[in-house]
Amino acid sequence: MEFTARQIATFLHGEVVGNQEVIINSVSKIEEGIPGTLTFLANPKYNSYLYETKASVVLINKSLVLEKEVEPTLIRVENAYDALAKLMEIYVQSIPVKTGIEMPSFINSSATVDSDTYVGAFAYLDEGVKIGKNVQIYPHCFVGKNVEIEDNTVLFSGVKVYPECKIGKNCILHSGVVIGSDGFGFAPEKDGTYKKLHQIGNVIIHNDVEIGANTTIDCATMGSTIIRSGVKIDNLVQIAHNVDVGENTVMAAFVGVSGSSKIGKNCIFGGQAGVAGHLKIGNNVTLGGKTGASNDIEDNKILMGEWGMDASKFRRVYAVFRNLPDLYKDLYQLRREVKNLKAE
Amino acid sequence: MEFTARQIATFLHGEVVGNQEVIINSVSKIEEGIPGTLTFLANPKYNSYLYETKASVVLINKSLVLEKEVEPTLIRVENAYDALAKLMEIYVQSIPVKTGIEMPSFINSSATVDSDTYVGAFAYLDEGVKIGKNVQIYPHCFVGKNVEIEDNTVLFSGVKVYPECKIGKNCILHSGVVIGSDGFGFAPEKDGTYKKLHQIGNVIIHNDVEIGANTTIDCATMGSTIIRSGVKIDNLVQIAHNVDVGENTVMAAFVGVSGSSKIGKNCIFGGQAGVAGHLKIGNNVTLGGKTGASNDIEDNKILMGEWGMDASKFRRVYAVFRNLPDLYKDLYQLRREVKNLKAE
Amino acid sequence: MEFTARQIATFLHGEVVGNQEVIINSVSKIEEGIPGTLTFLANPKYNSYLYETKASVVLINKSLVLEKEVEPTLIRVENAYDALAKLMEIYVQSIPVKTGIEMPSFINSSATVDSDTYVGAFAYLDEGVKIGKNVQIYPHCFVGKNVEIEDNTVLFSGVKVYPECKIGKNCILHSGVVIGSDGFGFAPEKDGTYKKLHQIGNVIIHNDVEIGANTTIDCATMGSTIIRSGVKIDNLVQIAHNVDVGENTVMAAFVGVSGSSKIGKNCIFGGQAGVAGHLKIGNNVTLGGKTGASNDIEDNKILMGEWGMDASKFRRVYAVFRNLPDLYKDLYQLRREVKNLKAE
């Protein structure tokens, strides 16, 4: 698709400075600066690139004061970042969505699939599956018995959903996601072996949830593992059996939540953070990267460190920790001084 | 399926208190308490729920003394938890198992598949593959050349098994598991590039092993990576080339074991623990969550912390660590005092 | 395949000691010592096995001085390890490579596939895909719209490549790898929900890159996530949007690199290491296992510890850390002494 600077400015209610008829057919980062593309400048840190970029059109904030002349056409808007996000959304929506059923796919005769839905080749829909409107099920997805998937949800290639799980509206599950695998439950026997505790629960995913590639969410032992509306989960995250994740909570890559823990709303968990089992984590809790949580956490707390310390305390502890060799030297210097004093 | 309280009590050799004919068709957790379901009470922490639950039937320990009247029908058994596990096993066994070969699947003419086995649509069985009795191979599994899978083993959708690997009896491999991918072996060249060391070994998995979703187990450089009987591995675990995991060892999510390490029997590794390469870890070793092991470990040790310290020592170290700011203050207070003493 | 010791010695320009006509048909580790196999001895730590092994042929260094008589045939070469690597390469190259298009597979009519290429059953090649010479695409791979894959690259079973990504020559992508999934980008809204930032970039993988099983590499928000030539990535690694990984950098399992960080050439990242977002990591940087990097790092640095400390400093800090209980005791002993001095 091609657009002129004028067309884009009109769409964004922006003001063009320079050649209105210059044509762009893609976007690029300002430091890449590819001719024929549109870019943007929102972060003042990158201002200098404006005078070097070879991009054809740059979105800038109305408020930006130019230091010298620039080569590309400018489009001045209220907020360059928001304007770009709007353009990207339009761009993505302009990509034609697949519909219909590609062959060969496997759809059990008792499965119901809405007519606007895409079912890719080699997708597998088992007995009793119910698929809503405008759902996209890419190739190699497995949708187990009695699974329900509501409107506008997308399962990218290779998503696996075990039987009886439920997925809400407007969700996005990336490639390799596994939903509903058995919880890790074993009872130790006297001879040192383990007996499997059969896992008969499911996973329920509410609306507007996005789940990153190769993330795994286990089914409940009984009842449901629950991912509530608006939750955003990155790649390679592990959510164990019977966990309940509150609305709009965000988890970065390699976060692990152990069995039966209940996570509040609007939490943010940094990469490689871990939560032990059977805990209650409040609302608006932040765990820094690599943080371990092994106790219940109250609302609004920020924790850091392998042992989940309050962040402000952790920073004080760490300031001493990183200077331990000096502290050690000071202590033993002092010891000598005391020894001398005693000898006097 | 529906059962009366009486039918369940008979099956469990339990005693009914209340309406014997109440019908249940599912199970729930006692705190959820859904009418028409059976629940259980084993942990005294949850006793209060017994008087509030709306579940229709509750399994309780014979020894439990009621504090007041309860609404649901009770079934008194020797051990409520064991009775439940027994019911769950019966329930799972009641789910009909798929058999036969679904089309389209790809089975090389030289592969041998026992007649009771299930091969799902889009499964791929390469040359020389041997599949035992009652094996279930779900859709999208890849079973490479000469792989052998013994009786009663289940490969859920999307398991990938590289050529020449062997999987024993009664194993469960969850979706996305990769068995036999190349070990990570590269020889540095003088120009800074790396030369691949070809990996010609395989993976051997003994009996009664369960492997969680998206876990990866690399083949040996030469010889075999071995997972011994009764090992239970959670989701998203990494086992490198030539590792040997002893019987009944348990590993939680995100555990990583580096190349050629030998792990003993009956070990327990917590989530996000890591083991360096070429180590010998004894029997009955416990690694806490996030623990790093970078040295050999003797039998029966419990280690904690990023640097794999003996747990009792780690607790003492950590008790001081978390109070470092106070220690710092005390030290510099003391310094002032000594300075004053010296000045006297 | 079977070879005599004489044939192998001729190929390796080595010298046979013992029975030249002994036949081997496989390789084994010297401590396993299986009759009918060839093994090698390169590490002096394993010298004693030479006198016990039941292997039929052993590759040894020319320089090795025997302590007593040995049973197997020996082949003396300049460097036993290199000779073995050469044999393993020959062995791997002797395994017949699949070619042609297996059915049923799905190849869009606008996709171009070179005639020497293997496309396995149940593979999916979308619109505009371009596949070079001698490429192997195993069953269950998904190759999205307009993806280009250059000569000699291998995608093992179940690799997923999102639209518009590019993969160079001589690459190996192991099972379950996901290339080009959406970057993790969300803008917080006033009501606590998050708005998805659409991700319209791609992933570009240069030549000679190997990527381990179930590793995920996200597409760029705009522009490209770049993996440069010679990079070697282990299993279960996460590379976020807009990351740029320099030539010949090596990453072990569970490494996570956050969005927009730029990693230099010839770096080595240990297992479970993490790099925060928007950082610049120099060339030849080493991160120990479990190390966290939260600041830019200069060339040639070696970092250790959860908080990414210079390794030599970390070792000094840790030496004090592990003796904190003693330091604590010494401090409070000293306090008592000072108290006594003051009382005098």
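Chain letters run A, B, ... following the sequence lines, proteins first, then strands; residues in each count from 1.
Counting heavy atoms from C-beta outward, Phe186(C) and Val250(A) have side chains that stay 4.5 Å or more apart. Considering only heavy atoms from C-beta on, Lys29(A) comes within 4.5 Å of Asn242(C) through its side chain. Under the 4.5 Å side-chain criterion, counting only non-hydrogen atoms from C-beta, Asp234(A) is in contact with Asp218(C). A heavy-atom distance below 4.5 Å is found between the side chains of Thr221(C) and Met88(A). Side-chain contact between Phe184(C) and Lys232(A): present, with at least one pair of heavy atoms (C-beta onward) separated by less than 4.5 Å. Contact of the Leu327(A) side chain with the Val320(C) side chain is not registered, since no non-hydrogen atoms from C-beta on lie closer than 4.5 Å.
Ala253(A) approaches Gln238(C) most closely through the heavy-atom pair CB-CG, 3.6 Å. Looking at every heavy atom in both residues, Val317(C) comes nearest to Phe321(A) through CG1-O, 3.4 Å. Across every non-hydrogen atom of Gly256(C) and Phe254(A), the tightest pair is CA-CE1, 3.7 Å. Residues Phe106(C) and Ala121(A) share a closest heavy-atom pair of CD1-CB, 3.7 Å. Residues Lys160(C) and Gly158(A) come closest through the heavy atom pair CE-CA, 3.8 Å. Ala123(C) and Phe122(A) make their closest contact through O-CE1, 3.4 Å (heavy atoms, listed as atom of the first residue, atom of the second, distance).
Judged purely by atom type and a 3.5 angstrom limit, Glu306(C) uses its side chain to pair as donor or acceptor with the backbone of Glu306(A). No donor-acceptor pair under 3.5 Å is formed between the side chain of Glu337(C) and the backbone N or O of Arg335(A). One N or O on the side chain of Lys313(C) and one on the backbone of Arg322(A) form a donor-acceptor pair closer than 3.5 Å. For Asn214(A) (side chain) and Gly176(C) (main-chain N/O), a donor-acceptor pair under 3.5 Å exists by modelled atom type.
Residue Tyr328(C) places its OH atom among 12 or fewer non-hydrogen atoms of other residues, nucleotides or ligands, all under 6.0 Å distant.
Interatomic distance, CD of Glu102(A) versus OH of Tyr124(C), reported as 3.0 Å (0.5 Å rounding). Atom CZ in Phe40(A) sits 4.5 Å away from atom CE in Met222(C) (nearest 0.5 Å). Between the OH atom in Tyr318(A) and the CE atom in Met309(C) there is a gap of 3.0 Å [rounded to 0.5 Å]. For the atom pair Tyr194(C) OH and Asp208(A) CG, the distance stands at 14.0 Å (nearest 0.5 Å). Between the CG atom of Asp182(C) and the CG atom of Asn235(A) there is a distance of 9.5 Å, given to the nearest 0.5 Å. For the atom pair CG of Asn170(A) and NZ of Lys196(C), the computed distance is 12.5 Å after rounding to the nearest 0.5 Å.
Neither the backbone nor the side chain of Asp310(C) comes within less than 4.5 Å of any heavy atom of chain A. At a 4.5 Å heavy-atom cutoff, the contact between Tyr332(A) and chain C is made by side-chain atoms alone. Contact of Lys86(A) with chain C is not made at all, since no heavy-atom distance falls under 4.5 Å. Heavy atoms closer than 4.5 Å to chain C are found in the side chain of Ile268(A), but not in its backbone. When heavy atoms are compared at a cutoff of 4.5 Å, Ala213(A) approaches chain C by way of both its backbone and its side chain. Residue contact with chain A, scored on non-hydrogen atoms closer than 4.5 Å, involves the backbone of Val255(C) exclusively. Contacts between Ile34(A) and chain C at a heavy-atom distance below 4.5 Å are absent for every atom of the residue. The parts of Leu331(A) that come within reach of chain C are both its backbone and its side chain, each placing non-hydrogen atoms under 4.5 angstrom from that chain. Within the 4.5 angstrom heavy-atom criterion, only side-chain atoms of Pro104(A), from C-beta onward, approach chain C. Contacts of Ser175(A) with chain C are made by both backbone and side-chain atoms, with heavy-atom separations under 4.5 Å. Contact of Asn266(A) with chain C is made through the side chain alone, with heavy-atom distances under 4.5 Å. Residue contact with chain A, scored on non-hydrogen atoms closer than 4.5 Å, involves the side chain of Leu324(C) exclusively. Only the side chain of Val92(A) comes within less than 4.5 Å of a heavy atom in chain C; its backbone stays farther off.
Aromatic rings from Phe156(A) and Tyr162(C) are positioned such that their centres are separated by under 6.0 Å.
Between Glu89(A) and Lys195(C) there is a salt bridge, with a side-chain nitrogen of the basic residue lying less than 4.0 Å from a carboxylate oxygen of the acidic one.
With chain A as partner, the option from Gly223(C), Gly292(C), Cys141(C) having the largest number of non-hydrogen pairs under 4.5 angstrom is Cys141(C). Note: Ser157(A) leads Gly230(A), Ala252(A), Ser157(A), Gly120(A) in heavy-atom pairs under 4.5 Å with chain C.
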Exercise. After noting the C-alpha distance and the side-chain angles of Tyr91(A) and His198(C), does the key distance pass the side-chain contact (heavy atoms from CB on, under 4.5 Å) rule?
Worked result: CA-CA 9 Å; Tyr91(A) 173 81; His198(C) 288 281; over 6 Å; no

